[in-house]
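Since the structure comes first, as structure tokens, the remarks are kept for the end.
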Protein chains: 2
Amino acid sequence: MATRTDAPTRREQILREAARLFAERGFHGVGVDEIGAAVGISGPGLYRHFAGKDAMLAELLVGISGQLMTGAKRRVAEAEQGPDALLDSLIEGHIDFALDDRDLITLHDRELDRLRDSDRKLVRQLQRQYVELWVESVRKVYPELAEPHARVAVHAVFGLLNSTPHLSRPGSLPGRAATAQMLHKLARGAFAAAAE
Amino acid sequence: MATRTDAPTRREQILREAARLFAERGFHGVGVDEIGAAVGISGPGLYRHFAGKDAMLAELLVGISGQLMTGAKRRVAEAEQGPDALLDSLIEGHIDFALDDRDLITLHDRELDRLRDSDRKLVRQLQRQYVELWVESVRKVYPELAEPHARVAVHAVFGLLNSTPHLSRPGSLPGRAATAQMLHKLARGAFAAAAE
DNA sequence: CCTCCAGGTTAACGGTCGCTAACCTCCCTG
DNA sequence: CAGGGAGGTTAGCGACCGTTAACCTGGAGG
């Protein structure tokens, strides 16, 4: 079972580099030739793997929202230790994502409007479900928190957790584990304050 | 003294519309013709007011960082009621900005890399000073909080406060004052949790 | 009344960009 | 060993974009 130590497929390579470049310079700021060059082929060779530049962005964004949503649903399903532990689990999942896939997090709320209508609707729907899932989870921990307030708090905490790309690039910061722990505390602190 | 109910000058009009369009579709996603059309003139007419498209972005970004920095310095200078009130004042200032100038907040951390080297350095320096000012202020309230941790917390709280553009556009949300108050509580809660 | 400039206009140029066309070359398979 | 598809290549097209050039116009000032 060498399922997941395989060499990355060409498609995956392309997506990784495209994500990096899009995050760095914006969708319109990157040419297909650069994306090709980043994986060692040049320009139009990409069209053997994708229908076009738009298709790469679409696959990235749909993939992200899908991954986040899938992970969150799994966590909800596996929750057996009460609402408090579930919220911690959601936070932890989001932090892992924010720390390990900075480029994707960046794209996620930056280039959504560059998508075809149908793709954009799909992504937005997944995002909305994800938010809703968090809102419910938060309100189970803090039942006295009204729903609109909970929604604002959830969006704000996403902003907080997604701030990782702004931390100086590699990280002179306290180290990955410590940063994760710190973000977790900050998020819980924000929710607690919202409810008080 | 009709100093600030004057009709906005053409330059100001252009900057406002450019900020809106840049925030909506990205710097490279907007053409000069569109910016012109947004203020009722067309395309090349902009060059009577700006040296080029880059110059507009530069003026916007330098202006933002400058405004934030100036406001924060003023608040520090006027602080007479101790560190706690100062931190509240900084938070309040940042929230006002985030709520009233969403487009600028969006540009601020999205299009920085599209600037000429000199401008980018200037903006980054202002940003760094702004962060530093916050870090000092936070550490006066929570002296037990180590500096690197305080810096991470400050960045995270910026992410939290800057989340306002993601709240559904006009705002079915609790209303401006209530949202501001909510964000304030969340930010203070996050800092408190960081220090605990 | 003439002048001149601030602030527009349209035409056009050069460069870039996404994408297609046409072709080439392994390598796998019957 | 023929052949065919997968995955490249380069050349080039058409569209668009930022910018410049050349020209026009209304109104303020001497």
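Numbered from 1 within each chain, the chains take letters A, B, ... in sequence-line order. Scope of the values below: all heavy atoms of this structure, side chains included, with no hydrogens, waters or symmetry mates.
Taking the six-membered ring where the residue is Trp, A:Y130 and A:H94 present parallel rings, their angle staying beneath 30° rather than reaching 60°.
Rounding to whole angstrom units, NZ of residue B:K53 and P of D:dT20 are separated by 14 Å. Put simply, NE2 on A:H28 is 15 Å from C1' on D:dA15, counting in whole angstrom units. Note: CG (B:L46) to P (C:dT10) measures 13 Å, nearest angstrom. In this entry the distance linking CG of B:D33 with P of C:dA12 reads 16 Å, nearest Å. In this structure, CZ of B:R10 is placed 10 Å from P of C:dG7, rounded to the nearest angstrom.
Nearest to the side chain of B:P44, among D:dG18, C:dT10, C:dG18, sits C:dT10. Comparing atom distances between the B:I41 side chain and each of D:dG18, C:dT9, D:dG8 picks out C:dT9 as nearest.
OP1 or OP2 of C:dG8 sits under 4.0 Å from a side-chain N or O of B:H49.
Salt-bridge formation is detected for the pair B:E111/B:R114: a Lys NZ or Arg NE/NH1/NH2 atom is positioned less than 4.0 Å from an Asp or Glu carboxylate oxygen. One finds a salt bridge joining A:D100 and A:R176 here, because a Lys/Arg side-chain nitrogen approaches an Asp/Glu carboxylate oxygen to under 4.0 Å.
B:G31 comes within 4.0 angstrom of the backbone, heavy atoms only, and of no base. In this structure, A:V30 reaches the sugar-phosphate backbone alone: every heavy-atom distance under 4.0 Å involves primed, P, OP1 or OP2 atoms, never a base. Across all strands shown, A:G43 has no heavy atoms under 4.0 Å from either base or sugar-phosphate atoms.
Comparing B:R48 and B:G52 along DNA chain D, the residue whose closest nucleotide (by nearest heavy atom) sits nearer the 5' end is B:G52.
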Trace of the side chain to side chain contact (heavy atoms under 4.5 Å, CB included) decision for B:R124 with B:L115: CA-CA 11 Å; B:R124 272 209 228 276; B:L115 254 49; over 6 Å; no
